Visitor: 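Provided herewith is a single structure, encoded as structure tokens, for subsequent inquiry.
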Amino acid sequence: MNSKIFRSSFFTTFLVLIAAIVFIMGILFDVFEKQIQREAATEAEYLARAVESEGADFLSEFNGTDRRITLIDADGNVLFDNQTNADTLDNHAKREEIKQAMETGKGMSIRYSKTLTEKTLYYAVKLSDSSILRVSTNQYTVFTILLGLLQPIILILVIALILTAVLSSRVSKAIIKPINELDLEYPDKNETYEELTPLLRKISEQKRTISQQLAEAKKKQNEFNLITENMNEGFLIIDKDTNILTHNGAALKLLGIENPASDSALALCRTKEFREVVTNSLSSEKAQSIMKQNDRAYSLIASPVFENENVIGAVIIIIDITEIEKREEMRREFTANVSHELKTPLTSISGFAELMKNGGVPNETVTDFSKSIYDEAQRLISLVNDIIKISELDEKSISLESEKVDLYELSNEIIDRLKSEAAKKNVTLNNLVGINAEIVGIRKILDEMIYNLCDNAIKYNKENGTVDIIVSGTDKKISVIVRDTGIGIPPEHQSRVFERFYRVDKSHSKKVGGTGLGLAIVKHGAMYHNADISLESTEGKGTSIKITFDKN
Ligand code: ADP
């Protein structure tokens with residue numbers, strides 16, 4: 001900027017200087033020309049007088065001088081010319097200045113050469129014998145004078161240029177230095193020349209506006225980051241060349257990446273589904289796909305981003321749907337199992353009834369058949385009841401209010417209800433030990449849980465076996481243990497007995513009236529109450545299942 005100001009001021013001054021010199025030269029030319037004309041006139045007058053008194057021969061003294069002197073007789077014939085042989089010159093009677101002098105005593109004319117490059121001034125004076133003395137001078141004379149002036153002018157010009165350069169440099173520094181020293185952090189606080197004040201005011205206003213806009217943008221960015229970083233869903237914004245513009249932590253986490261290896265989103269995940277979703281969204285379609293990777297399932301949703309109907313990028317959302325998929329799978333399995341479990345007793349009922357209808361059952365066995373139908377119907381009822389219970393727990397659609405429940409008292413009630421069942425199997429069920437222990441929960445579910453555990457402890461017990469129920473508590477926890485001396489659960493089945501319809505021995509379970517849902521109901525009931533379940537079992541020796549509740 002400094003050199004630009006310097007150059008501008010230097011060249012401006014230089015041009016003004018040149019223009020001034022040309023202008024002055026023009027004026028000088030004019031002044032000198034008039035001066036020479038005047039001199040020519042005066043010279044002509046003097047020479048005329050000298051010729052009058054000294055005779056024409058006097059003129060020969062001027063042979064070869066710069067100024068041309070010509071003597072012409074009254075008829076226009078050239079009598080003498082100090083620069084040319086008079087005999088070679090033609091008649092001058094018709095020349096303007098001669099004609100004027102002949103008529104008025106004096107004549108003057110200016111003539112240009114054929115090429116117009118040369119200008120000559122003629123001044124003529126009539127003598128007493130009617131001859132004419134003419135002095136002529138040409139423009140070269142003026143140029144010669146000007147040429148003489150050229151040297152001092154060039155010197156002045158050089159001095160002026162040096163001065164201009166020095167002054168321009170100073171001026172540009174005087175302008176630039178305060179600008180360079182401006183403190184733009186605090187534009188209002190600068191003390192400088194007043195021409196800068198409007199600029200500083202404008203900068204100050206713009207700085208304020210920019211600060212406000214920056215603060216606003218930062219706030220929006222923070223809000224955006226807060227939202228995206230707290231999302232469980234992966235979030236990616238890409239440009240039209242698949243380069244990642246922004247992403248949240250969840251996106252990398254879900255794709256199992258710590259840092260993106262390249263700018264392209266395609267490098268984040270090499271699956272066909274991911275690639276297709278990215279490329280399809282960039283060709284202006286909303287794209288959706290399910291991707292399976294590392295035993296997990298992800299839903300990919302990509303929407304193109306438009307600007308003036310052109311796709312400029314895409315927004316990609318990655319959702320971990322593994323749990324949803326698992327639940328869906330479980331639901332499908334459950335439905336298939338339910339259908340199968342319902343079908344078996346119904347087929348038996350239908351078979352028995354058909355036989356009876358067709359009279360194919362002898363009278364003495366009708367009672368047995370009816371009993372079978374009744375048993376199967378009971379099984380169906382238990383099954384449907386268990387299905388309803390587990391579905392309610394599943395949907396968390398239990399409308400009952402939580403209340404204080406004493407697990408010791410509840411266990412006592414359950415023992416009373418199951419006593420006859422236990423007696424039938426020769427199992428001792430009256431060993432309740434422990435203390436009164438209250439928790440807040442849903443009585444119906446808690447009842448169901450302890451009942452199922454005790455029921456299993458009886459069902460899968462041995463002849464003369466026992467069932468112990470121990471209710472104990474600490475400051476923070478309350479636990480119920482149902483322990484039996486039954487057949488036990490082989491280790492390989494222990495982790496699966498809480499699954500729906502999972503039985504170690506299907507025929508045994510059916511024989512003892514099991515539905516395969518008892519422990520699943522216990523597990524869901526525990527989940528409902530945030531309780532933990534643990535199982536210890538030794539094949540042939542017995543099983544102990546413990547539910548631990550938080551004391552609240
Ligand atoms: P079921 O209605 O068949 O009893 P459960 O869900 O209650 O279904 O139990 C699942 C399976 O776990 C049972 O079929 C049985 O094989 C096994 N089981 C449950 N409780 C006991 C126990 N106390 N002793 C031995 N095996 C048990």
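Just so you know, ligand 1 is whichever comes first in the structure, and atom 1 is the first atom listed for that ligand. The first residue in the sequence is number 1, and the count goes up from there. This is a predicted model, so every value here is computed, not measured.
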Visitor: Please determine if E376 and K510 form a salt bridge, counting it only when a charged side-chain N lies under 4.0 Å from a carboxylate O.
Guide: no
Visitor: I need the nearest protein heavy-atom contact for atom 5 (P) of ligand 1: residue, atom name and distance, please.
Guide: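 Nearest neighbour among protein heavy atoms for atom 5 (P) of ligand 1, to 0.1 Å: L519 N, 3.6 Å.
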Visitor: For atom 3 (O) of ligand 1, which protein heavy atom lies nearest, and how many Å away is it?
Guide: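 For atom 3 (O) of ligand 1, the nearest protein heavy atom is S509 OG, 2.5 Å.
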Visitor: Are the charged groups of R503 and E341 less than 4.0 angstrom apart, N to O?
Guide: yes
Visitor: Just which atoms of ligand 1 are under 4.0 Å from any heavy atom in G516?
Guide: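 The atoms of ligand 1 under 4.0 Å from a heavy atom of G516 are 1 (P), 2 (O), 3 (O), 6 (O), 8 (O).
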Visitor: Assess whether atom NZ of K546 is packed by more than 12 heavy atoms of other residues, nucleotides or ligands within 6.0 Å.
Guide: no
Visitor: Tell me which protein heavy atom sits closest to atom 23 (N) of ligand 1, plus the residue, atom name and distance to 0.1 Å.
Guide: D484 OD2, 2.9 Å
Visitor: Does ligand 1 have any atom that is closer than 4.0 Å to a heavy atom of K506?
Guide: no
Visitor: Looking at ligand 1, does T515 have a heavy atom less than 4.0 Å from it?
Guide: yes
Visitor: Decide whether Y502 and H493 meet the rule of one side-chain donor and one side-chain acceptor closer than 3.5 Å.
Guide: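 Side chains of Y502 and H493: pair found under 3.5 Å.
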Visitor: If you take the nearest heavy atom of each of Y460, Y502, F498, which one is closest to atom 22 (C) of ligand 1?
Guide: Y460
Visitor: Taking a cutoff of less than 4.0 Å between a non-hydrogen atom of the residue and any ligand atom, is G486 in contact with ligand 1?
Guide: no
Visitor: Does atom CD of E536 have more than 12 heavy-atom neighbours from other groups under 6.0 Å away?
Guide: no
Visitor: Identify, by atom number and element, the atoms of ligand 1 in contact range of V504, meaning under 4.0 Å from any of its heavy atoms.
Guide: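 Near V504, meaning under 4.0 Å from one of its heavy atoms, ligand 1 has 14 (O), 16 (O).
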Visitor: Side chain or backbone, does A520 bring an N or O within less than 3.5 Å of an N or O on ligand 1?
Guide: no
Visitor: Atoms of ligand 1 less than 4.0 Å from G518 heavy atoms?
Guide: 5 (P), 6 (O), 7 (O)
Visitor: Considering both backbone and side-chain atoms of G514, is one of its nitrogen or oxygen atoms within less than 3.5 Å of a nitrogen or oxygen in ligand 1?
Guide: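 No, since none of the N or O atoms of G514 sits under 3.5 Å from an N or O of ligand 1.
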Visitor: Can you pull out the closest protein heavy atom to atom 19 (C) of ligand 1? Residue, atom name and distance to 0.1 Å, please.
Guide: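 Checking every protein heavy atom, the shortest distance to atom 19 (C) of ligand 1 gives N456 ND2, 3.5 Å.
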Visitor: Is it true that, when you exclude F306 itself, more than 12 heavy atoms of the residues, nucleotides or ligands shown sit nearer than 6.0 Å to its CZ?
Guide: yes
Visitor: Does atom CD of E492 have more than 12 heavy-atom neighbours, drawn from other residues, nucleotides or ligands, at distances under 6.0 Å?
Guide: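 Enclosed.
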Visitor: Any chance the rings of F501 and H340 have centres within less than 6.0 Å?
Guide: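 Centroid separation for F501 and H340: 6.0 Å or greater.
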Visitor: Could you tell me whether I489 and ligand 1 have an N or O pair separated by under 3.5 Å?
Guide: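 Such a contact does not occur with ligand 1.
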Visitor: Indicate the ring-plane relationship of F224 and F235, choosing parallel, tilted or perpendicular according to the 30° and 60° boundaries.
Guide: perpendicular
Visitor: Strictly distance-based, threshold 3.5 Å: is any side-chain N or O of T279 a donor or acceptor partner for the main-chain N or O of R275?
Guide: yes
Visitor: Which atoms of ligand 1 have any heavy atom of G488 under 4.0 Å away?
Guide: 25 (C)
Visitor: What do we get for K459 next to ligand 1 when only non-hydrogen atoms under 4.0 Å count, side chain, backbone, both or neither?
Guide: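 Just the side chain.
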Visitor: Starting from atom 12 (O) of ligand 1, locate the nearest protein heavy atom and write down its residue, its atom name and how far away it is, to 0.1 Å.
Guide: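 The answer is V497 CG1, 3.3 Å.
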Visitor: If you look only at pairs with a residue in residues 217-231, which of them pass as a salt bridge (Lys or Arg N to Asp or Glu O under 4.0 Å), with sequence neighbours excluded?
Guide: E216-K220
